[in-house]
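Structure record follows, encoded as structure tokens.
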Amino acid sequence: DMTALHQVVAVDIAPGERWMAVLSVGEGHPILEVVALREWLAGKPYRSQCTLNPYPGTLIAERWEGGRLHLVSDVDLRVDDSAARVDSIGGERRYVLDPGDCSLAD
């Protein structure tokens with residue numbers, strides 16, 4: 001029960017093992033968390049550095065490249081309000097997440 005939701009469906013460790021992306025789901029709804037892997041392995045509590053909740057859409061972590069996580073979603077992840085995000089559902093949007101400051105770029 002460390003992750004945001006109870007069922008972990010994917011774990012992707014960044015090259016260099018600095019970060020770990022954890023995708024968990026609850027009732028079919030995904031949440032992505034990025035965790036400082038070395039700290040967690042050293043016995044510190046599980047703490048999400050970045051959390052992305054794509055509700056009502058979906059989210060896939062594709063790959064790590066250059067210390068950043070490449071993502072695909074069917075909603076605009078930059079819209080904070082889930083009710084407003086409904087209007088953006090459809091298509092494929094690609095983002096790059098920088099876990100250092102949790103910023104998203106196209």
Side-chain angles (χ1 to χ4, degrees):
D1 288 344
M2 294 183 297
T3 60
L5 300 173
H6 296 291
Q7 183 180 358
V8 174
V9 293
V11 174
D12 192 5
I13 297 173
E17 300 180 350
R18 181 174 179 195
W19 303 106
M20 174 174 66
V22 178
L23 186 66
S24 60
V25 298
E27 299 179 8
H29 167 69
I31 288 187
L32 177 80
E33 296 172 291
V34 177
V35 176
L37 179 59
R38 293 178 191 157
E39 292 178 14
W40 184 62
L41 291 176
K44 293 186 179 179
Y46 180 94
R47 183 185 67 83
S48 177
Q49 170 76 13
C50 306
T51 301
L52 289 175
N53 181 349
Y55 184 81
T58 62
L59 175 69
I60 297 169
E62 274 196 327
R63 71 184 182 285
W64 287 97
E65 187 176 299
R68 300 184 318 164
L69 183 60
H70 290 248
L71 308 167
V72 178
S73 181
D74 61 352
V75 294
D76 188 346
L77 295 174
R78 294 181 181 157
V79 175
D80 290 330
D81 179 39
S82 62
R85 196 178 296 132
V86 169
D87 294 334
S88 74
I89 288 179
E92 183 178 276
R93 292 173 172 80
R94 295 186 170 275
Y95 300 95
V96 179
L97 174 68
D98 183 339
D101 62 6
C102 300
S103 62
L104 282 175
D106 292 331

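Basis for what follows: all heavy atoms, side chains included, without hydrogens, waters or symmetry-related copies.
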Query raised in the report: Of the non-hydrogen atoms in Tyr95 and Leu104, which two are nearest, and what is the gap between them?
Result: CB-CD2, 3.9 Å

Report summary line: Residues Pro99 and Trp64: closest non-hydrogen pair is CG-CZ3, 3.9 Å

Query raised in the report: So how far is it from Leu71 CG to Arg93 CZ, rounded to the nearest 0.5 Å?
Result: 13.5 Å

Report task. First locate atom CG of Asp74, then atom CG of Leu59, and finally report the distance between them rounded to the nearest 0.5 Å. Result -> 9.0 Å

Query raised in the report: When you measure from the side chain of Thr58 to the backbone N and O of Ser73, does any donor-acceptor pair fall under 3.5 Å?
Result: no

Query raised in the report: Under the side-chain hydrogen bond (donor to acceptor under 3.5 Å, both in side chains) test, which residues partner Glu27, sequence neighbours left out?
Result: none

Report task. Could you tell me the separation between the CZ atom of Arg94 and the CG atom of Leu77, rounded to the nearest 0.5 Å? Result -> 12.5 Å

Report summary line: Smallest heavy-atom separation, Leu32 atom then Ala21 atom, equals CD1-CB, 4.1 Å

Query raised in the report: Are any non-hydrogen side-chain atoms of His29 and Asn53 less than 4.5 angstrom apart?
Result: yes

Requested in this report: Output all residues satisfying side-chain contact (heavy atoms from CB on, under 4.5 Å) with Val86, sequence neighbours left out; order by chain, then residue number.
Outcome: Pro56

**Report entry** ILVMFWY network linking Val35 to Val8, side-chain heavy atoms under 4.5 angstrom
**Finding:** yes

Report summary line: One should read off an interatomic distance between Asp12 CG and Ile60 CD1, to the nearest 0.5 angstrom, of 12.5 Å

Query - Partner residues of Arg63 under the salt bridge (charged side-chain N to carboxylate O under 4.0 Å, His left out) criterion, sequence neighbours left out - result: Glu65

Requested in this report: Could you list all the salt bridge (Lys or Arg N to Asp or Glu O under 4.0 Å) pairs where at least one residue sits in residues 35-52, not counting sequence neighbours?
Outcome: none

Requested in this report: Verify the cluster assignment for Tyr55 and Val25: are they in a single hydrophobic cluster under the rule of side-chain heavy atoms below 4.5 Å apart?
Outcome: no

Query raised in the report: Does Ala84 have any side-chain contact (heavy atoms from CB on, under 4.5 Å) partners at least two apart in sequence or in another chain, and if so, which?
Result: Val79, Asp81

**Report entry** Where at least one partner belongs to residues 38-106, residue pairs that pass disulfide (SG to SG under 2.5 Å), sequence neighbours excluded
**Finding:** Cys50-Cys102

Requested in this report: Using the test side-chain contact (heavy atoms from CB on, under 4.5 Å), find all partners of Ile13 that sit at least two apart in sequence or belong to another chain.
Outcome: Val11, Glu17, Met20, Leu37

Report summary line: With sequence neighbours left out, the residues meeting side-chain hydrogen bond (donor to acceptor under 3.5 Å, both in side chains) with Tyr46 are Glu33

Query raised in the report: Can you name the residues that form a side-chain hydrogen bond (donor to acceptor under 3.5 Å, both in side chains) with Thr51, not counting sequence neighbours?
Result: Ser48

Query raised in the report: Please, which pairs that meet salt bridge (Lys or Arg N to Asp or Glu O under 4.0 Å) have at least one residue in residues 95-106, sequence neighbours excluded?
Result: Arg78-Asp106

